[in-house]
Amino acid sequence: MPRELTDEFISAWRFLNQLSVGIEPDLGFYLSILREIADEHDGKTISMLENPVLDAYTAISRHETFASNELFLVPENSRFVVTEGGMWTGTSSCVWNGPSVMRLKIVLSDSQRYLDDQTLKHFFRNTLEVQDADWKDIVMELTDLAEKGFSNVDQKSDHLGIASRFYSYFEQFHSNELDWNKVRENFEVANLVYNSTERQWYPISKCLWSSTVKIPGKVTLSSDYPHLEDFFVKRLQVEKADFKTLVRELKSLAGNADYVLEIKEIVRAISLMMSEKGSLQDLKGLDILPVNSPHSKQTQLWNTGQSFAIIDRLKLGRGFKNAQPQAASLLDFELEDFKLLQPFIQAMNLEDRCLSRLSKEESKATGKTLHEGLTKGFQDRAYHLLCCAVNFDSPKAKKDHNSLYELLLNSEVHISETITSYISITQGGQQIRFESGKCNAHVEQNGTKLHIVVPRADRNREISYLKDLPRRLHSFFGIGESAEAIMIHLLNSSVYLLDDLLDDAGILGVPDIVRRSRTPDVDSRAENITNNLGRSEANHGHSTPPKMHKMPDYTETRSAHHHEPRIVPKYEPIRDQISPSPRDLRESSTINTTARSHSITSHSSSSSEALSRTDSIVSERQSATPYEDSEEELAFSEISTQMTYDDILRKVILTARSSSHHGIATRGSFRTSGTEPPSDFDSQLISSEDFRVLDLPFGSHSRAPLSLSDIGAAGELFVFEVLKGMQIPDFDINNWQSRIRHLVKSRPEYSRMKNWTDKETSDIVYEDIKKQLTNYLLAHGYLGENLWEDAEEGPRYFLEVKTTLQGCDHPFYVSKGQYALMEESKMVQYVPAKQIYVICRVFNLGKEDMGMRIYVDPWSMKQDEELKFTETNYRR
C-alpha cells in the first residue's frame with residue numbers, strides 16, 4: 001500500500017465495508033483493538049501489553065467518552081494485580097486520587113506513567129471524568145476492613161499503618177458539619193476505629209484519645225495515632241479522659257466488683273484533677289468506694305452511707321486491720337495513698353472518716369506511785385491550765401470555773417512502769433478495739449481529783465511532757481488540737497514565765513477566779529526549773545534559780561495529719577553556773593529536726609553543655625530522736641523504717657505515677673542546693689568499691705535484708721512506670737526484658753506478668769520507630785543536634801537500670817557485658833545512631849526524695865571525662 005492514502009485510492013477499497021472491514025480509524029476501531037487485546041492477553045506480560053494499550057488510550061482521548069466496559073488495565077504496581085496477564089476494570093471501580101491501600105477501588109494515580117503523561121491524565125480526569133475518592137469511599141473501605149479483616153498479604157505490623165492512611169486521608173476533606181455527622185454515625189455504627197493493642201475495631205463511644213489510667217471497656221488512641229489528634233478529637237469528637245469523663249466512667253462502674261483495681265486507679269486520677277470541693281456530690285449514693293470488710297474475703301464496693309474508716313495513720317491502720325475479735329472496715333487505700341487522695345476525700349466530705357478523727361484512746365496504768373515533786377509542779381500550773389481551757393471553750397469549764405480549778409489544784413501526778421493504751425472506733429454500733437502497747441501518759445478524773453500517770457523512766461517521762469501529756473489534757477478538756485502548742489509551753493517552762501506565755505498567746509485570765517498559789521521556797525523554785533521537762537530530781541544546791549543562757553526557741557510547723565499548726569519547741573540546754581555533763585547535754589536535746597536541701601532548677605545554656613558530675617538531689621537529716629521506747633505517729637515522709645518490700649514497690653509505683661515524675665527531667669536540671677565543694681565520689685559516678693550497704697536490712701532490723709535483685713527489680717519498676725506514663729507508642733510490658741522483673745509480681749497490677757525467659761541484653765529495650773522518645777530526649781537536651789529528622793525511624797534504646805538505697809553520687813557496678821554493649825552503642829558525631837545506650841540511675845529507693853538521673857551514651861561521657869570508670873574484681 002502507498003505511504004500516503006489519497007481519496008482516489010481509498011474509494012477503490014470501499015467495497016470492504018460490505019465485508020464489515022473498517023476504513024476510518026474511529027472510536028470503534030480503537031475500541032476493537034482494546035477488546036482484541038483484552039480478549040487475547042493470555043501468555044503476555046503486563047509490560048508487553050502496556051505500550052499498545054496506552055497508545056490506544058491516547059487515540060481514544062481524542063474521541064467521545066466510551067461506555068464503562070472493563071477496558072482499564074490495572075497498573076503494574078497495584079496491590080490488585082495477581083496474575084501475569086494483568087487485571088481489567090471499568091470506570092466505576094476507579095478513582096484518580098485516594099489512599100494507596102484502597103482495595104475496593106483502583107487508585108489510577110498510583111501508576112507513575114498515568115501520573116506523568118499529561119495526555120493520559122487529561123483523558124482519565126476530564127474525558128472519562130474519573131473522580132478522587134470521597135469520604136463515602138473511605139467509609140466503605142474501612143467498613144470492608146472491619147467486617148472482613150485485613151488481607152493475608154498484609155503483615156500484622158502494617159495493620160496500624162493501613163488504618164492510619166485511611167484516617168489521614170480525611171484531613172483533606174472540607175466537608176460541612178452535616179457530612180461529618182454522617183461520618184461519625186458510620187464510625188459509631190460500623191465500629192471503624194482500629195486499636196493496635198487489642199487488634200480490634202471499636203465504635204467512637206468506646207474510645208478515649210488519652211488517659212492516665214486504664215478504664216474498662218475503653219481504648220486510648222493517642223499512642224497509635226499521635227499525628228491525628230485533630231481528626232479524632234475535633235472531627236470524630238473522641239473524648240479525652242478529663243475530670244468529667246473520669247467521673248462519668250466511675251459512675252458506670254458503680255457496684256461492679258470485678259473492676260476494683262480499675263476503680264482505684266480512676267479515683268486516684270480524679271483526685272489529682274480535683275479543683276473545687278463538692279464537685280463529686282453525684283457520687284455519694286453510688287457504690288464506688290473499695291472497702292475491705294471483715295465480713296468478706298473480697299474487696300467490696302460501698303457508698304458513703306455505709307460505715308467504714310480511712311487510714312491516715314500507719315499505727316492506727318495496722319491496729320484496726322488486725323483488731324480482735326473483729327477487724328474494722330477500711331477503705332482499700334494504703335497510707336501513702338492518703339495524701340494523694342485528700343482532694344477526693346474532701347470533695348466527698350469524708351474527712352470525718354479518717355482514723356485519726358474517729359479513734360478514741362483509753363489508757364490504763366498499773367503499779368503507780370505518787371510523785372510529790374511532779375504533783376507540786378503540776379498544781380503550780382493549775383490556774384494557767386484553767387485559763388487555757390476557758391479560752392478554748394472547754395465543755396468542762398462552761399458551767400463552773402471554780403469546780404474545774406479545784407480539780408486541777410487537787411491533781412496528783414503518779415509515776416508507773418506500765419501504762420497501756422487502747423484505741424477504739426465504733427462501726428455499725430459495735431466497738432472495735434486494739435491494744436496499741438505502751439504509752440507515756442494516762443489522765444483520769446477520780447471524784448474531785450485529777451489523776452495523772454507518767455512513765456517512771458526519765459527519758460520516757462520527758463517525751464510524755466513534750467507530746468503525750470499535752471494531748472491527753474486537751475482531750476480531757478475537750479478542746480481542739482490548736483491548744484496543744486500552748487499546753488506544751490505551760491508544762492515545760494518555768495512557772496515564772498507562764499503569765500508571759502499566756503499573754504503572748506492571746507489567752508486572757510479568768511476574772512471570777514481567786515488565784516491561789518504557794519510561794520516557792522528555795523528548793524521548790526529550783527524544782528520549777530529542773531522539772532520543767534518532767535524530770536524528778538530537784539536541784540537543791542542553789543539559793544537562787546539557776547541562770548538560763550537562752551530560752552526555748554519556737555518554730556511553727558504543720559503536721560501532715562493536722563489542720564492546725566503545731567508549735568514544736570527546739571530546746572537549748574538549760575544551764576546553771578556549773579558546767580553540765582555530756583549526759584545532761586544529750587538529754588536536753590529533746591526534739592529531732594529535719595533539714596532538707598531543696599532542688600534548684602539550673603537549665604543548661606545549650607543542649608551540648610556537659611552534664612555536671614555534682615548534679616544530684618541531696619537530703620540531709622539530723623540525728624533522730626534518741627527515745628527507743630517511743631512510737632512516733634509517722635507522717636508520710638517518715639514511714640520508711642516501717643516498710644516491707646511490698647510497701648517499697650507500692651511507693652515506687654505511686655511516685656512514678658505522680659504528676660511531678662511524669663517524663664524525664666531536663667538535662668542538668670538537678671543541682672545540690674548546698675555550697676559544699678564536690679565530694680570525692682562526684683568524679684567517680686561509676687565504680688564498684690563498696691556494696692556492703694546494700695546488704696543491710698531496709699528499715700526494721702527484725703526484717704530479712706533486701707537482696708541486690710530486690711533492689712534492682714524495684715528500680716526497674718520505677719523506670720518502667722515513668723516511661724509508661726510518657727505514653728510513648730508501642731511501649732508495654734514486653735519492653736521490660738529483665739530476668740528479675742518477676743520479683744515485683746506481689747503488686748496486683750503485675751500479678752499476671754510472665755517471667756522473662758528470653759535472652760537479656762538490657763533491662764528495658766525499646767524500638768523508637770515513631771521517634772517520639774528521641775524527640776523527647778532532644779527537647780530536654782540529651783542528644784544535641786537532631787540527626788534523625790530525615791530518618792524513617794528512630795534508634796533502638798538499651799536502658800540499663802542501676803538502683804541504690806543511697807544518694808545519686810554513690811558508685812555502682814557495670815558488668816563486662818554491659819560495658820561492651822555500651823562501647824558498641826557509642827554515638828558518632830554527625831551520624832544518626834541506630835542504637836543508643838542509656839543508664840538510668842535510680843537513687844534513694846523508697847524514700848521521699850527518690851529520683852532518677854539518666855546518662856545517655858555513657859561511653860561518650862567517659863571519653864569526655866564526665867564519667868569515670870574504675871576496674872574492679874567485684875563479681876555479682
Side-chain angles (χ1 to χ4, degrees), residues 268 311 313-315 317-318 333-341 560 592 594 596-597 599 616-621 624 632-662 665 670 690-725 736 738 740-750 763 801-813 840-854:
R268 291 188 183 102
I311 299 174
R313 296 287 193 279
L314 184 64
K315 176 181 176 181
R318 287 180 173 174
F333 287 100
E334 299 299 330
L335 176 61
E336 52 265 40
D337 290 317
F338 177 73
K339 186 174 184 180
L340 182 148
L341 292 177
N592 67 302
T594 300
R596 291 186 179 177
S597 65
S599 61
S616 62
I617 294 178
V618 177
S619 174
E620 293 181 4
R621 293 185 181 229
E632 297 286 341
E633 293 183 1
L634 299 176
F636 304 105
S637 61
E638 298 168 337
I639 62 174
S640 61
T641 57
Q642 304 292 330
M643 278 186 168
T644 64
Y645 185 55
D646 191 58
D647 292 332
I648 298 172
L649 297 181
R650 188 185 303 111
K651 186 172 186 64
V652 162
I653 293 173
L654 182 66
T655 304
R657 291 180 181 177
S658 66
S659 58
S660 63
H661 285 80
H662 277 171
F670 291 116
D690 191 357
F691 285 81
R692 289 176 296 172
V693 67
L694 299 178
D695 293 325
L696 292 177
F698 190 92
S700 171
H701 290 280
S702 64
R703 302 189 185 279
L706 289 181
S707 67
L708 286 171
S709 296
D710 291 329
I711 296 169
E716 292 172 12
L717 174 63
F718 181 79
V719 177
F720 177 77
E721 283 283 345
V722 169
L723 292 172
K724 186 174 71 171
W736 189 357
S738 166
I740 61 173
R741 72 180 194 177
H742 65 278
L743 295 175
V744 308
K745 291 172 70 174
S746 61
R747 298 303 306 146
E749 51 268 65
Y750 290 93
D763 298 322
V801 182
K802 300 294 182 182
T803 309
T804 181
L805 308 179
Q806 309 298 321
C808 184
D809 57 358
H810 193 73
F812 55 88
Y813 175 77
C840 301
R841 180 57 162 164
V842 178
F843 53 91
N844 292 333
L845 180 70
K847 301 178 182 178
E848 287 300 316
D849 51 0
M850 177 172 58
M852 177 177 70
R853 284 285 312 283
I854 69 170

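Although no hydrogens or angles enter the test, the distance criterion places a donor-acceptor pair under 3.5 Å between the side chain of K802 and the main chain of Y813. Within the 3.5 Å criterion, the main-chain N or O of S738 finds no donor-acceptor partner in the side chain of D763.
The line from CG of L314 to CD of E334 is 9.0 Å long, rounded to the nearest 0.5 Å. Here CZ of R841 is found 9.0 Å from CG of D809. Values are rounded to the nearest 0.5 Å. Rounding to the nearest 0.5 angstrom, the gap separating the CZ atom in F333 from the CG atom in L340 is 9.0 Å. A distance of 5.0 Å separates SG of C808 from CZ of R853, quoted to the nearest 0.5 Å. In this structure, OG1 in T804 is found 8.0 Å from CG in N844, a value given to the nearest 0.5 Å. Going from atom CD of E716 over to atom OG of S709 covers 9.0 Å, rounded to the nearest 0.5 Å.
For I653, the side-chain contact (heavy atoms from CB on, under 4.5 Å) criterion is met by R657, L717, E721, R747, E749, Y750, not counting sequence neighbours.
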Residues K651, D647; criterion salt bridge (charged side-chain N to carboxylate O under 4.0 Å, His left out); working and verdict
CA-CA 6 Å; K651 186 172 186 64; D647 292 332; over 6 Å; no
Please report the C-alpha distance between R268 and D337 in whole Å, then the side-chain angles of each, then the deciding distance to 0.1 Å, and finally whether the side-chain contact (heavy atoms from CB on, under 4.5 Å) criterion is met.
CA-CA 8 Å; R268 291 188 183 102; D337 290 317; 3.3 Å; yes
T803 vs V801, side-chain contact (heavy atoms from CB on, under 4.5 Å): CA-CA, chis, key distance, verdict
CA-CA 6 Å; T803 309; V801 182; 3.6 Å; yes
Applying side-chain contact (heavy atoms from CB on, under 4.5 Å) to F718 and M850, what does each step give before you reach the verdict?
CA-CA 10 Å; F718 181 79; M850 177 172 58; 4.0 Å; yes
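Considering all non-hydrogen atoms of both residues, Y645 and A714 come closest at OH-N, 3.8 Å.
V719 has its side chain within reach of M852: a pair of non-hydrogen atoms, C-beta onward, lies under 4.5 Å apart.
Here the rule is side-chain contact (heavy atoms from CB on, under 4.5 Å) with I648, and of V744, L805, D710, L845 only L845 fits it.
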